[in-house]
Asks: 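One structure is given below, represented as structure tokens, and several questions about it will come after.
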Amino acid sequence: MALPKHKLSYLAQNPLLIVPPKPPRYTLDQWYMTRRERFRFMDDQHQLADRLMLKAERIIDETSDETLKNRREVDHQLEVKVKDIEFQKHTLEQQKKDMEKEIEALVTYQDRIQKCQKTLTANALEICQKCVILREARLGFDLCHDEVEMELIREIQVMEGVQTMIIRLLEQVKEQIRRLRAMNYTLKIDLEDKGNVLFIDQYNARLKETDLNLSIYHGNAPLNPATISQEEWIAQTQKNIDAAAKELLVGKPLRAYVDTLLNQMVEDLRTQYDTVNKAFMRRIGEYKETKTKLENQHFETVRQVNEMQQTIYNLQAALAQKEGFMGLAHTRLGNRCQRANAELCRDEAEIYLVNEVATIQKSVTELQKMMLDAQASLRYLLRLQVQLEEEINVKVNSLKIDEVDCMTLRKSMDYHSF
């Protein structure tokens, strides 16, 4: 049955008054029994508390000792670890310094090789090729496959062989530099890791349990994520040290090999250089000797040309003179043909005049023949003079090419110790 609204309003505004029940009543025996039980319970609790306090003191002492022992052991292990890291770090730093010195030395050797390559390509090889091209401008029979040309070609072949060896040597040095830099980078990373862990362990070694910057970890992930053992750590570091030492051992013989090879190449080039120069000097001497002989021949030919021209002039004068005598003899004979009757006799005068005409005719014939021979000889001598002048010009041209052009170029060839 539902209550009226005014009653519900009254109940909501005024709390209900509950009358508590009467407390229970106990007997006197129950009181004594309860008191004995409470005293016995308190005695038991006191004994238990005494035992717990004794046990707590013992555990506190044991745990304190164990904690201090563990901390001392951890401190000792941290100190040992720091010393190990410092030793490994020092060894790595020394290896890295040696590695950097070796890289610097090999870079210097690389520069030497590149300088040698540039000198040979831009200077010596180009000069030899220019000499070969210049000697193609020789004229006549001087344009022959002489000793100089063969030695020049051999010198170019030696240079090309040296260039091939230099390229191969440069590749070896670059590869070794690359390997050393890669190894140096590995040492750098290892040193950075060693420096980081050294800082961490040195910091840990300085920490005390009374420091204010301590913290308790409440995460779920373990605080020992290390998966590499101490032996593996030592082996990894030793592996880097051994690898660096191995690369250093490779670098030193390589530098010695570069020195030996460069010296041998320079020696070979100098030897061929001297051989070519000696061939040039012999050839120049031959040119000069031939030129001197040709000039002497030319001088003699010019002298003979002049003398032959004088001889022809004398022959022409003699012929002209003979014409006068022949005309005189013919005129006398013609005049004596006008004799009459018995006076037209073969007398002594007739005989001598006829003999004179024959003698003069014979002389004229001989002089004319001599004139033809002299003129032919003069033409030959003039042609010989021209040929000698051409030959002298050829030798002058060859001398200019070999002595002036080629030898001047070759003076700039510098074979020094690179």
Side-chain angles (χ1 to χ4, degrees), residues 23-24 26 29-100 182-246:
Y26 299 98
D29 294 334
Q30 290 177 333
W31 181 83
Y32 283 112
M33 185 181 297
T34 302
R35 189 184 65 172
R36 286 195 301 271
E37 289 178 355
R38 288 183 180 276
F39 284 148
R40 186 172 61 251
F41 177 75
M42 286 187 287
D43 290 337
D44 292 339
Q45 291 297 322
H46 290 164
Q47 293 176 4
L48 178 61
D50 290 336
R51 290 195 301 271
L52 287 175
M53 286 187 290
L54 290 173
K55 185 177 181 181
E57 289 178 359
R58 179 176 58 81
I59 292 175
I60 288 172
D61 293 337
E62 290 177 356
T63 54
S64 296
D65 293 339
E66 185 177 3
T67 301
L68 290 175
K69 179 181 178 181
N70 289 335
R71 198 200 70 179
R72 284 193 294 269
E73 183 64 26
V74 169
D75 290 342
H76 173 70
Q77 293 299 328
L78 284 173
E79 183 180 356
V80 171
K81 182 66 174 178
V82 166
K83 290 181 178 179
D84 288 343
I85 296 172
E86 288 176 345
F87 175 77
Q88 298 283 8
K89 187 170 179 290
H90 176 72
T91 304
L92 288 171
E93 287 174 347
Q94 187 61 43
Q95 287 290 79
K96 189 171 184 297
K97 288 180 181 179
D98 295 340
M99 189 75 63
E100 290 173 350
M183 193 68 243
N184 191 48
Y185 179 76
T186 301
L187 294 179
K188 177 184 176 182
I189 297 301
D190 200 355
L191 278 171
E192 289 178 354
D193 294 341
K194 293 287 187 298
N196 182 43
V197 72
L198 182 63
F199 173 78
I200 292 173
D201 284 348
Q202 286 176 340
Y203 177 74
N204 284 335
R206 292 193 300 269
L207 287 176
K208 303 296 179 183
E209 67 274 8
T210 57
D211 291 343
L212 298 177
N213 56 344
L214 303 180
S215 61
I216 302 297
Y217 177 67
H218 298 287
N220 295 323
L223 283 176
N224 55 343
T227 58
I228 298 176
S229 66
Q230 176 76 6
E231 291 76 13
E232 291 175 338
W233 175 78
I234 296 174
Q236 179 64 29
T237 304
Q238 191 62 39
K239 178 182 177 182
N240 291 337
I241 294 173
D242 293 341
K246 182 179 178 181

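Any value given below was found using the heavy atoms of this structure, including those in side chains, with hydrogens, waters and symmetry copies removed. Quick note: residue numbers are just sequence positions, from 1.
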Asks: Tell me every residue that passes side-chain contact (heavy atoms from CB on, under 4.5 Å) with Asn204, counting only those two or more places apart in sequence or in another chain.
Replies: Leu78, Ile200, Asp201, Leu207

Asks: Can you tell me how far the NZ atom of Lys239 sits from the OG1 atom of Thr186, to the nearest 0.5 Å?
Replies: 10.0 Å

Asks: Assess the side chains of Gln77 and Glu73: does a donor N or O sit below 3.5 Å from an acceptor N or O?
Replies: yes

Asks: Go through the structure and list residues passing side-chain contact (heavy atoms from CB on, under 4.5 Å) with Lys208, not counting sequence neighbours.
Replies: Thr210, Asp211

Asks: Just verifying a value: how many Å separate Ile234 CD1 and Ile241 CD1, rounded to the nearest 0.5 Å?
Replies: 11.0 Å

Asks: Does the side chain of Lys69 reach to within under 4.5 Å of the side chain of Asp65, using non-hydrogen atoms?
Replies: no

Asks: For the pair Asp190 and Lys194, evaluate salt bridge (Lys or Arg N to Asp or Glu O under 4.0 Å) and give the outcome as yes or no after the intermediate values.
Replies: CA-CA 6 Å; Asp190 200 355; Lys194 293 287 187 298; 2.6 Å; yes

Asks: Hey, could you give me the CD/CG distance between Glu57 and Leu52, rounded to the nearest 0.5 Å?
Replies: 11.5 Å

Asks: What closest approach, in Å, do Ala244 and Met99 show between heavy atoms, and which atom pair accounts for it?
Replies: CB-CE, 3.4 Å

Asks: Give the table of side-chain donor-acceptor pairs shorter than 3.5 Å for residues 82-93, with sequence neighbours excluded, one pair per line with atom names and distance.
Replies:
{"from": "Glu86", "atom 1": "OE2", "to": "Gln202", "atom 2": "NE2", "distance (Å)": "3.3"}
{"from": "Lys89", "atom 1": "NZ", "to": "Glu93", "atom 2": "OE2", "distance (Å)": "2.5"}
{"from": "Thr91", "atom 1": "OG1", "to": "Phe87", "atom 2": "O", "distance (Å)": "2.9"}

Asks: Using 0.5 Å steps for rounding, measure from the OG1 atom of Thr63 to the CG atom of Leu68.
Replies: 9.5 Å

Asks: Partners of Lys188 by side-chain contact (heavy atoms from CB on, under 4.5 Å), sequence neighbours excluded?
Replies: Lys96, Glu192

Asks: Whether Asp75 and Arg71 form a salt bridge (side-chain N of Lys/Arg under 4.0 Å from carboxylate O of Asp/Glu) is what I want to check.
Replies: yes

Asks: Nearest 0.5 angstrom please: Thr237 OG1 to Asp193 CG, how far?
Replies: 9.5 Å

Asks: Sequence neighbours left out, what pairs pass side chain to side chain donor-acceptor pair (under 3.5 Å) with at least one residue falling in residues 43-56?
Replies: none

Asks: CD of Glu37 to OH of Tyr32: how many Å apart, nearest 0.5 Å?
Replies: 15.5 Å

Asks: Grab the two heavy atoms, one from Ala245 and one from Gln95, that are nearest each other, plus how far apart they are.
Replies: N-NE2, 3.3 Å

Asks: Holding to side-chain contact (heavy atoms from CB on, under 4.5 Å), I want the full list of residues that pass it with Glu62, two or more places apart in sequence or in another chain.
Replies: Arg58

